[in-house]
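Computed from a predicted model, the values in this text were never measured in an experiment. Below, chains carry the letters A, B, ... as their sequence lines are ordered, and counting in each starts from 1.
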Number of protein chains: 2
Amino acid sequence: MVGHGARGRSGGRPTLEEVAARAGVGRGTVSRVINGSPRVSDATRAAVEAAVAELGYVPNTAARALAANRTDAIALVVPEPETRFFAEPYFSDMLKGVGSELSDTEMQLLLIFAGSDRERRRLAQYLAAHRVDGVLLVSVHADDPLPDMLSQLEIPAVISGPRSAAESLASVDSDNYGGARSAVEHLLSRGRRRIAHITGRLDVYGAQRRVDGYRAALRDAGHAEDEQLIEAGDFTEEGGRRAMAELLRRRPDLDAVFAGSDVTAAGARQVLREAGRSIPDDVALVGYDDSAIARHMEPPLTSVRQPIEEMGRAMIDLLLAEIADRRPAASRGLDRHQVVLATELVERASS
Amino acid sequence: MVGHGARGRSGGRPTLEEVAARAGVGRGTVSRVINGSPRVSDATRAAVEAAVAELGYVPNTAARALAANRTDAIALVVPEPETRFFAEPYFSDMLKGVGSELSDTEMQLLLIFAGSDRERRRLAQYLAAHRVDGVLLVSVHADDPLPDMLSQLEIPAVISGPRSAAESLASVDSDNYGGARSAVEHLLSRGRRRIAHITGRLDVYGAQRRVDGYRAALRDAGHAEDEQLIEAGDFTEEGGRRAMAELLRRRPDLDAVFAGSDVTAAGARQVLREAGRSIPDDVALVGYDDSAIARHMEPPLTSVRQPIEEMGRAMIDLLLAEIADRRPAASRGLDRHQVVLATELVERASS
DNA sequence: ATCACTCGTGGGAGCGCTCCCACACTACCT
DNA sequence: AGGTAGTGTGGGAGCGCTCCCACGAGTGAT
C-alpha cells in the first residue's frame, strides 16, 4: 500500500475482500452470496451473511458498475419543463406506478427533465455516457429526436404513447380507440343522436385513434358519417372554445360533444353556457383523461379514465425485460412489445 | 486479453487509452485535459481535444467514480410521500432553484422520496453505499433521524429549515423572525392595535421564530404583552379554525390576525366570516408563505413571501462548498454555515 | 477400483479511470 | 560552468468489484 496516502485501509468502508477474510472464504464466494447465486452451500452462505452483517458491508456501486458494465439505474425522461410536470396529475400518477413497480428491485430511478435546449444537450451527454441501463420516455412529440437517439445508442427504452402505429420502440398505451368508442356508445345509449367530436392534436397518434374510435362507434350504430360534426382541437382550453363555437355555428342542432381531453371539454362547456345551452339537458358533454378538472367541473364531467398508474407499472415491466434480454447478446428482432391497457368510462352528471 | 469473450475491444465506447493513442500522448495527459488541469501545454490540449471529438469519447462515470471515490451526484431527499410533493408549490419552486444552480455543473441531481418506512430503509441503504456526494434535505421534522444518520456517515448535507438554533448541519432558511415582524409592523402601520397571532406547529423551529418576531414587533411599538392574543395552531386549516374561534371567544375586540401559514389563514377567515366579521374592515388578516391559496382567497390574502427558489440555489452553493471542502481531509469544525434569506411582504386586500 | 460428472469454491485478470511519482527538458540563478 | 527550480509529460499502481477458469471433493455408473 504505497502512495494514495489518506485513502488507507483503516476506518473506511469494508470491501468484499475484507468480508471474505472475515468469513474465511474467497472473494468469489462472497460475491456469489451478495448476488444471490444458488451455487453456494447453506453453511457458507450463512457464514458470509454473518460477516456482512458484522462489518456492515455495503457493495460499492461504482466498482460493480465498472466490472459488470451496468448501472442498476433507469431514467424517467420528461421532455417538458418542470412546471408542466408538476401541473399535470398525469406525471405524478405515472411516477407512482413506476415507483411502486420498482420498489422490489435494486434499480434506482432518476427523474430527468429535458425541457430546454440546454437540458436536452445535457441529457444527450448523459445518455451517451450510458449512465443508465434503460430509459422511460413519457409525453414525446412525434418529431422528437430522442427516441431515435436511444435506438442508436442501443439503450433499452420504453415509450408511453407510441408515436405511430409503426412505433419501433417498446411502448405502453391506453386503448384510445376503445376509450373513444365507449364514450360515444355511452352517449348513444343516453339517446343522443348528433354527437360531435373535438379532437386532440392530430399529430399525436393517440388523438387520431380517438377519432377512429368515435367514427367506428357511430358507424356501428348505423349513423351516416358526418364530417361537419368533427372539429380539430389541440388539447387546450382555448382550442376547445374555438372548436365548440365553430361546431355550434355549423350544427346548432348537436346534442352531445365528445371532447379530446378534459381541458378541451372545459373550453367547450364555457362556449355552450354562453350560447345558453344547458349541460346535460341540451347538450351532453364527455371528456378524456378523468383529471381533477373533470371532478371539479360544474356539472361534474363524464370522462374516460386512463389507468396511468398501471401504465407506469407496465412500462417498468417492459423495460426490465428489455434490459434483461439485452444483457446476453440480444436477439435483435423487431418483435418489440406494445402493451395496450383498457380505459374506463367514469360517468358523471354532464351526460 | 484472455477471457471476457464478448466484451472485446472492437466497437465499444472509446476509452481514455484509445484517445491517448490517437492523440499521440500518454493516458495521464488525456486525463488532465478532460479534467481541465492547467498543467498541459496548449498544443497538447488541442491535439487531445481533437482526438476526443473524432472518437466521440465520453468518460466512463463508473470508472471515474471508482478511482476518484466520488459520484458527481447529489440527492434531494423529500421525507414525504410523492403526493404531498406534487401538491405543494414549495417543492417545485425549490426544485427549480436547485436545478438552475446545478446546471452549470457536472453534478447530477437525484430526487428521492422517503415517505414510507420501506422507502426510508431503501434510502438508508442508498446513503450507506455512498451513492451520492451530498444530500439536500427539505421539510424535515424535528425528530427525524435522517440528519444524524448523514452526520454519522460523514456525508455532506444541507438542510432547509434548521431544526433548532443549534442546528449542526449546514442550513438555509428564510428570515422567519423578520418576516413575522414585517407582517405585524404592516398591520400596526394600518392602524391595527389588537393583533392576534395563530402560531404554526411549535415543534417547528421556524414557527417559534415567527412568534418571536411577532412579539418583538409589538414590544418595540410599545404594546404590552398580551398572551391572550396568541393561540397555537399547527399549519392546518382545521387548526386555523379552532384557534380563531378560541381567539374570538377570548378577545372579541381583536382587529387583526397574523396567521402562521396561508392555510391557517384560510381556516381563520372562515370562522371570521361566520362570526360576521368582514375582512379587512373589521379584522385584517395576514398569512405566511404567499402560496397559491393566498392569491385566490376572497379577499386576496396579504402574505409573507419566502424566496424559495433562491433558497434552493443557496442550498446548492452550500452543499457544493461542503463537498469541495471535504475532499482534502476536512477541517472538522463546527463553523458550519447557516444562511438566512430575507422575506418579502406581499400586500393584498385582506389587510 | 476407475472414470465421468457435478458441485462448491478460490483467486487471477480485467473493467477504465485517477493519482502520483519519476523523468525529461527548459529556464534562470549563482 | 554547475546547480536549482520549475513545467509538461508518461505510465505504474490501485480503486472494489464481476467473470470465469481451474481445482478438489463427493457421487454414482461402469
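- Taking only side-chain nitrogens and oxygens, B/T29 never comes nearer than 4.0 Å to OP1 or OP2 of D/dT9.
- Between the CG atom of B/N69 and the P atom of D/dC15 there is a distance of 11 Å, rounded to whole Å.
- Rounded to an integer number of Å, the gap from CD1 of B/I34 to C1' of C/dC19 is 16 Å.
- A/E309 has a carboxylate O that lies under 4.0 Å from a charged side-chain N of A/R313, or vice versa, which qualifies the two as a salt bridge.
- In this structure, CZ of B/R70 is placed 14 Å from C1' of C/dG16, rounded to the nearest angstrom.
- Regarding contacts with the backbone of D/dG11, every side-chain N or O of B/R27 stays at 4.0 angstrom or more from both OP1 and OP2.
- Nucleotides of DNA chain C nearest to A/V25 and B/A62 differ in position, and the one nearer the 5' end is that of A/V25.
- Rounded to an integer number of Å, the gap from CG of A/N35 to P of D/dC20 is 13 Å.
- For the pair A/D133/A/P156, no side-chain contact is recorded, criterion being any heavy-atom separation below 4.5 Å from C-beta on.
- In this model, a side-chain donor or acceptor of A/R32 finds a partner on the base of C/dG10 within 3.5 Å.
- Regarding contacts with the backbone of C/dT18, a side-chain N or O of B/S31 is found under 4.0 angstrom from either OP1 or OP2.
- Nucleotide D/dC15 holds its P atom 10 Å from the CD atom of A/E18, rounded to whole Å.
- Distances shown here put every side-chain N or O of B/T15 at or beyond 4.0 Å from the OP1 or OP2 atom of C/dC15.
- Distance CG (B/D42) to P (D/dG8): 9 Å, rounded to an integer number of Å.
- A straight line from CG of B/L66 to P of C/dG16 spans 12 Å, rounded to a whole angstrom.
- Distance from the side chain of B/T44 is smallest for D/dG8 among the nucleotides D/dG16, D/dG8, C/dC7.
- Although no hydrogens or angles enter the test, the distance criterion places no donor-acceptor pair under 3.5 Å between the side chain of A/E101 and the main chain of A/V98.
- There is no side-chain donor-acceptor pair under 3.5 Å between B/S100 and B/S103.
- Look at CD on B/E17: it is 10 Å from P on C/dG16, rounded to the nearest Å.
- Look at A/R122 and B/D104 and you find no salt bridge, because none of the NZ, NE, NH1 or NH2 atoms lies under 4.0 Å from a carboxylate O.
- Each of B/A63 and B/V40 lies near DNA chain D, and the nucleotide nearest B/V40 is the one positioned closer to the 5' end.
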